[in-house]
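Being a predicted model, the structure only gives us computed values, none of them experimental.
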Amino acid sequence: MTHPLVPQIIDLATPVATELGLEVVAIVFHTNQRPPVLRVDIRNPQEDTGLNDCERMSRALEASLDAAEILPDAYVLEVSSPGISRQLITDREFISFKGFPVIISASEPYHGHQEWIGNLIRRDETTVYLNQKGRVIEIPRTLVTKVQLDEPG
């Protein structure tokens, strides 16, 4: 379950990232740790996301978070790049990773499965298409919660 402050943090972090030429990919607030950890995944759409991007975003976001005072207690801010194991989110990513092995997770079982592993064919407005050993699997996008690159074992 998403922490209730995450939408506010996204609203704050997105313009900060945009100003730096970056994109916010995901935000997770781990309150079960002491101090809590706010993890912000970013990416640089122009080139591979580097340590410099993470440092710039960390400094800028920390200043914005402190000024906004939406996090009342001490926390640890982690800014990182989701790397190659990241989720596919944008249409461009789905095109770029066509043919790559992926893991698709669903919100509820569909044809007896809640997770599929296969090679990405494509996605359109309503469906994500997966090649599973030569068979095309069509999964409704309304059920898909996550499409992630499958790291080679």
Side-chain angles (χ1 to χ4, degrees), residues 1-33 36-58 60-61 64-65 68 70-71 77-153:
M1 178 151 150
T2 302
H3 189 278
L5 286 177
V6 167
Q8 284 179 269
I9 297 167
I10 290 171
D11 289 345
L12 192 72
T14 301
V16 171
T18 301
E19 194 172 300
L20 298 172
L22 304 169
E23 295 173 352
V24 173
V25 176
I27 293 180
V28 180
F29 196 25
H30 298 282
T31 55
N32 59 337
Q33 299 174 350
V37 176
L38 176 61
R39 180 185 163 115
V40 179
D41 285 344
I42 60 163
R43 73 182 198 99
N44 185 328
Q46 306 304 316
E47 59 191 31
D48 286 345
T49 308
L51 190 57
N52 183 39
D53 294 320
C54 295
E55 288 173 6
R56 291 184 309 126
M57 180 66 179
S58 181
L61 182 57
S64 294
L65 286 167
I70 56 175
L71 297 171
L77 175 62
E78 286 182 0
V79 177
S80 62
S81 166
I84 195 70
S85 67
R86 75 171 185 268
Q87 290 186 70
L88 302 184
I89 297 167
T90 65
D91 287 336
R92 191 171 88 196
E93 289 170 331
F94 275 84
I95 292 166
S96 297
F97 292 102
K98 176 184 176 181
F100 279 69
V102 293
I103 302 170
I104 298 177
S105 303
S107 56
E108 61 188 57
Y110 178 70
H111 291 302
H113 298 280
Q114 201 157 348
E115 188 174 271
W116 294 268
I117 298 174
N119 291 338
L120 180 65
I121 298 173
R122 71 179 192 284
R123 84 169 174 186
D124 59 26
E125 291 75 30
T126 60
T127 310
V128 178
Y129 299 88
L130 188 67
N131 179 341
Q132 241 182 10
K133 298 179 181 159
R135 225 176 69 228
V136 176
I137 310 292
E138 298 180 10
I139 305 154
R141 275 182 73 168
T142 54
L143 296 180
V144 173
T145 55
K146 183 164 70 171
V147 178
Q148 183 171 331
L149 291 175
D150 188 10
E151 296 185 45

Should Ile139 and Trp116 be marked as a side-chain contact (heavy atoms from CB on, under 4.5 Å) after you check the CA-CA gap, both sets of side-chain angles, and the distance that decides it? CA-CA 9 Å; Ile139 305 154; Trp116 294 268; 3.6 Å; yes
Kindly compute the distance separating CD1 (Ile104) from CD (Glu115), expressed to the nearest 0.5 Å. 10.0 Å
4.5 Å side-chain heavy-atom contact, Arg141 and Thr126: no
Could you check whether any side-chain heavy atom of Arg43 comes within less than 4.5 Å of a side-chain heavy atom of Glu93, counting everything from C-beta outward? yes
Minimal non-hydrogen separation, Ser107 against Gln114, with atom names: O-NE2, 3.3 Å
Output yes when a side-chain donor or acceptor of Glu23 lies under 3.5 Å from a complementary backbone atom of Ala17, and no otherwise. no
Within this structure, what is the OG1-CG distance for the pair Thr14 and Leu61, rounded to the nearest 0.5 Å? 9.5 Å
Which pair of heavy atoms, one from Ile27 and one from Ala13, lies closest together, and at what distance? CD1-CB, 4.1 Å
Pairing of Arg39 and Asp41 as salt bridge, 4.0 angstrom limit: yes
Interatomic distance, CD1@Ile89 vs CD@Gln148, rounded to 0.5 Å, equals 10.0 Å
Any side-chain heavy atom of Phe97 sitting closer than 4.5 Å to one from Val102? no
Go through it in stages, so that I can follow the logic: the residues are Ile137 and His111, the test is side-chain contact (heavy atoms from CB on, under 4.5 Å), and I'd like the CA-CA distance, side-chain angles, deciding distance and then a yes or no. CA-CA 10 Å; Ile137 310 292; His111 291 302; over 6 Å; no
Looking only at non-hydrogen atoms, find the nearest pair between Ser80 and Cys54 and report the distance. CA-SG, 3.7 Å
Ser64 side, atom OG; Asp11 side, atom CG - distance, nearest 0.5 Å: 12.5 Å
Glu55 atom CD: more than 12 heavy-atom contacts under 6.0 Å: yes
Please walk me through it: do Leu88 and Leu120 pass side-chain contact (heavy atoms from CB on, under 4.5 Å)? CA-CA 11 Å; Leu88 302 184; Leu120 180 65; 3.7 Å; yes
List the residues meeting side chain to side chain donor-acceptor pair (under 3.5 Å) with Tyr110, not counting sequence neighbours, and say none if there are none. none
Would you say the side-chain atoms of Thr145 pair up with the backbone N or O of Ser105, donor to acceptor, closer than 3.5 Å? yes
Pairing residues for Phe94 by the ring-ring contact (aromatic ring centres under 6.0 Å, His included) criterion, not counting sequence neighbours: none
Please find the pair of heavy atoms, one from Val40 and one from Leu77, that lie closest to each other, and give the distance. CG2-CD1, 4.0 Å
At their closest point, which heavy atom of Pro45 faces which heavy atom of Leu22, and how far apart are they? CD-CA, 4.2 Å
Audit row: Leu71, Ile9, side-chain contact (heavy atoms from CB on, under 4.5 Å) steps and yes/no: CA-CA 9 Å; Leu71 297 171; Ile9 297 167; 4.1 Å; yes
Side-chain contact test, heavy atoms from C-beta onward, threshold under 4.5 Å: evaluate it for Asp91 versus Arg123 and give yes or no. yes
Side chains of Leu38 and Leu65, heavy atoms from C-beta outward: is any pair under 4.5 Å? yes
List the atom of Asn44, the atom of Gly21, and the distance in Å for their closest heavy-atom pair. OD1-O, 4.0 Å
Pairwise distance CG(Asp124) to CD(Glu138) - rounded to 0.5 angstrom: 8.5 Å
